[in-house]
Amino acid sequence: MKTKIINSPDMIKAADRRPSTTVFSKMSEESLNELSRLIKDKKYYIRTYGCQANVRDEETMRGMLENVGYIPANEPEEAELIIINTCAVRENAEDKVYGEIGNLKYLRKKNKSMVLAICGCMVEQPEILNRLMTTFPEVNLYFGTHEIGNLYSLVYAAITSKERIVSIESKPGEVVENLPACRLNRFKAFVNIIYGCNKFCTYCIVPYTRGKERSRKFDDVMDECRSLVDAGYKEITLLGQNVNAYGKDLNESRDFADLLEEVAKLGIERLRFTTSHPWDFSSKMIDVIAKYPNIMKFIHLPVQSGSNSILRSMGRRYSREQYLNLVKEMREKIPNLSLSTDIIVGFPNETEEEFKETLTLVDEVKYEAAFTFIYSPRKGTPAAKIEDNVPYEVKSKRFLELVKHLEGPIQEKSLKMVGNTYKVLVDGVSKTDEGMLSGYTEENKLVHFKGDESLIGTIIKVKILESHTYSLIGEVVNE
């Protein structure tokens with residue numbers, strides 16, 4: 001199959017952060033009907049990997065596709081359009097995608113008119129894109145994180161052309177408003193407030209795949225949140241690669257704390273945000289969180305390492321002492337605060353002493369949850385060029401030791417919850433037991449309990465009966 005390359009990824013262009021004006025685009029009305037005559041009664045299927053930003057991208061793609069007549073498929077075998085929405089943050093996420101494409105490529109062999117597409121962060125990296133194109137000739141559409149607004153024309157080109165279409169432009173990015181969306185949850189909503197990242201932590205590929213930090217206009221965010229409240233949503237999560245960097249690129253003299261406060265005033269029952277960077281976490285933000293009871297007192301605050309030397313090598317922009325002082329201020333001002341974090345074990349040339357500094361920080365902070373990873377190099381990042389003298393076996397041993405240190409406080413907190421009653425937003429039927437419902441407390445603890453499915457989407461009181469460390473068993477309190 002011939003390949004038509006509209007744009008291809010370029011890591012140098014992807015790293016460009018020279019001053020530029022963010023473009024606020026409107027979708028062309030003409031695009032809305034471009035596919036309609038071709039896709040009558042045809043189905044689409046999307047499989048998403050990775051973070052909440054990818055989930056939100058899926059919701060936008062679903063909205064666009066259904067807006068021109070596509071019908072969602074329950075299984076990929078039913079679909080004429082399959083989109084694999086990828087993540088590149090960890091090597092494990094990439095491996096899953098390779099396996100998924102391997103499982104689906106036979107469908108394209110059976111149906112030559114089908115479109116098999118790969119999008120998202122993986123294809124923004126030249127080496128990975130080349131590997132995908134070489135390994136999987138069945139895939140006939142590749143598009144990047146900045147091309148979702150062009151989805152109609154790209155799918156149209158893939159349907160009508162006998163060529164493989166590649167459109168992955170490495171650029172600072174833009175903000176596209178008024179794209180339709182089909183939300184995957186009818187009572188919990190993600191709302192993008194800022195895209196991209198300017199931090200360039202040395203281990204992270206995200207600034208290259210997602211572009212520069214670019215904030216949505218304050219009023220546009222408020223309009224979206226207001227419409228969700230009016231529609232009866234119970235929970236809103238404000239999203240950004242660095243959510244608390246919101247507004248730095250705008251001339252509106254309002255920052256994330258201002259936005260958080262105004263959304264809280266709308267009356268949404270639960271308001272969350274992710275992910276926050278310690279370097280941008282202000283006292284003003286802490287005061288707003290403490291002031292409003294509907295802002296959940298659960299905060300994800302990635303630390304990555306407890307060693308100053310490793311933090312410098314990572315380019316994290318804060319010290320161990322600054323992070324701990326921030327945690328101290330947060331705990332003093334916000335009663336019953338729950339903290340979660342991200343920690344990387346085995347950063348290149350991490351010494352045993354540097355690793356122990358991470359353990360002592362973990363012991364001091366006492367996190368309620370944590371995402372832990374053994375470092376995996378991302379090609380194109382500065383850290384990937386460092387020659388590493390620490391064997392993988394040592395890193396694995398450290399990883400297990402870290403998990404033990406984390407589990408103690410998590411287990412202790414869960415045990416303290418037994419016998420107490422908490423408000424739980426009911427998500428749905430438990431993934432582990434079809435006879436149970438499950439939901440999350442305000443502190444983001446997962447609770448399983450027996451109940452009627454009519455409770456799904458409501459906030460109820462649940463008394464905790466058992467602790468399983470990472471989840472809890474409870475019973476509904478009837479009032």
Decide if atom [atom1] of [X] counts as having more than 12 heavy atoms of other residues, nucleotides or ligands within a radius under 6.0 Å.
{"X": "Lys328", "atom1": "NZ", "result": "no"}
{"X": "Lys416", "atom1": "NZ", "result": "no"}
{"X": "Asn336", "atom1": "CG", "result": "no"}
{"X": "Tyr470", "atom1": "OH", "result": "yes"}
{"X": "Tyr440", "atom1": "OH", "result": "no"}

Looking only at the side chains, is there a donor atom on one of [X] and [Y] sitting less than 3.5 Å from an acceptor on the other?
{"X": "His468", "Y": "Glu466", "value": "yes"}
{"X": "Asn308", "Y": "Glu321", "value": "yes"}
{"X": "Gln52", "Y": "Thr237", "value": "no"}
{"X": "Ser305", "Y": "Glu354", "value": "no"}
{"X": "Lys431", "Y": "Ser438", "value": "no"}

Can a salt bridge be assigned to the pair [X] and [Y] using a cut-off of 4.0 Å between side-chain N and carboxylate O?
{"X": "Lys395", "Y": "Glu350", "value": "no"}
{"X": "Arg272", "Y": "Glu235", "value": "yes"}
{"X": "Glu352", "Y": "Lys356", "value": "yes"}
{"X": "Asp280", "Y": "Lys248", "value": "yes"}
{"X": "Asp249", "Y": "Lys212", "value": "no"}
{"X": "Lys291", "Y": "Glu261", "value": "yes"}
{"X": "Glu224", "Y": "Arg216", "value": "yes"}
{"X": "Arg226", "Y": "Asp223", "value": "yes"}
{"X": "Arg56", "Y": "Glu59", "value": "yes"}
{"X": "Glu443", "Y": "Lys297", "value": "no"}
{"X": "Glu58", "Y": "Arg47", "value": "no"}
{"X": "Lys96", "Y": "Glu100", "value": "no"}
{"X": "Lys423", "Y": "Glu269", "value": "no"}
{"X": "Glu407", "Y": "Lys404", "value": "no"}
{"X": "Asp433", "Y": "Lys450", "value": "no"}

Please answer whether the main-chain N or O of [Y] pairs with a side-chain N or O of [X] as donor and acceptor at a distance below 3.5 Å.
{"X": "Thr202", "Y": "Ser313", "value": "yes"}
{"X": "Tyr152", "Y": "Met64", "value": "yes"}
{"X": "Asn192", "Y": "Ile194", "value": "no"}
{"X": "Ser215", "Y": "Gly247", "value": "yes"}
{"X": "Glu94", "Y": "Met122", "value": "no"}

Would Ile464 and Asn420 count as a side-chain contact (heavy atoms from CB on, under 4.5 Å) here? Give the steps. CA-CA 6 Å; Ile464 306 304; Asn420 296 316; 5.7 Å; no

Determine the minimum heavy-atom distance between [X] and [Y], stating which atoms define it.
{"X": "Val89", "Y": "Arg378", "value": "O-CD, 3.5 Å"}
{"X": "Lys199", "Y": "Arg317", "value": "O-NH2, 3.3 Å"}
{"X": "Glu434", "Y": "Val429", "value": "O-CG1, 3.6 Å"}
{"X": "Thr358", "Y": "Ser307", "value": "OG1-N, 4.2 Å"}
{"X": "Leu271", "Y": "Ala264", "value": "CD2-N, 3.7 Å"}
{"X": "Lys217", "Y": "Tyr246", "value": "C-OH, 3.6 Å"}

Report the distance from atom [atom1] of [X] to atom [atom2] of [Y], rounding to the nearest 0.5 Å.
{"X": "Lys234", "Y": "Asn185", "atom1": "NZ", "atom2": "CG", "result": "12.5 Å"}
{"X": "Ile299", "Y": "Glu368", "atom1": "CD1", "atom2": "CD", "result": "11.0 Å"}
{"X": "Ser396", "Y": "Glu401", "atom1": "OG", "atom2": "CD", "result": "13.0 Å"}
{"X": "Tyr233", "Y": "Ile236", "atom1": "OH", "atom2": "CD1", "result": "9.5 Å"}
{"X": "Ser276", "Y": "Asn242", "atom1": "OG", "atom2": "CG", "result": "9.0 Å"}

Are side-chain heavy atoms of [X] and [Y] found at a separation under 4.5 Å?
{"X": "Val123", "Y": "Leu132", "value": "yes"}
{"X": "Leu402", "Y": "Val362", "value": "yes"}
{"X": "Phe281", "Y": "Ile286", "value": "yes"}
{"X": "Leu425", "Y": "Lys188", "value": "yes"}
{"X": "Leu81", "Y": "Ile83", "value": "yes"}
{"X": "Ile118", "Y": "Thr86", "value": "yes"}
{"X": "Lys445", "Y": "Phe298", "value": "no"}
{"X": "Leu326", "Y": "Leu301", "value": "yes"}

Name the one of Glu78, Arg62, Glu80 that satisfies side chain to side chain donor-acceptor pair (under 3.5 Å) with Tyr44? Arg62

Whether [X] and [Y] hold their rings parallel, tilted or perpendicular, with breakpoints at 30° and 60°:
{"X": "Phe256", "Y": "Phe273", "result": "perpendicular"}
{"X": "Phe200", "Y": "Tyr208", "result": "perpendicular"}
{"X": "Phe347", "Y": "Tyr375", "result": "perpendicular"}

Residue pair Ser309, Arg320: steps toward the side-chain hydrogen bond (donor to acceptor under 3.5 Å, both in side chains) verdict: CA-CA 10 Å; Ser309 52; Arg320 170 195 178 97; over 6 Å; no

Out of Leu406, Val345, Thr341, which one pairs with Thr372 under the side chain to side chain contact (heavy atoms under 4.5 Å, CB included) rule?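 Testing each of Leu406, Val345, Thr341 against Thr372, the sole residue satisfying side chain to side chain contact (heavy atoms under 4.5 Å, CB included) is Leu406.
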
Does the pair His277 and Gln241 meet the rule for a side-chain contact (heavy atoms from CB on, under 4.5 Å), with working shown? CA-CA 9 Å; His277 193 291; Gln241 270 73 40; over 6 Å; no

Ring pair (Phe, Tyr, Trp, His ring centres under 6.0 Å) with Phe371: which residues, sequence neighbours excluded? His300

Flag this pair as yes if the NZ/CZ of Arg90 is under 6.0 angstrom from the six-membered ring centre of Phe373 and inside a 45 degree cone about the axis; otherwise no.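 Yes, Arg90 and Phe373 form such a contact.
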
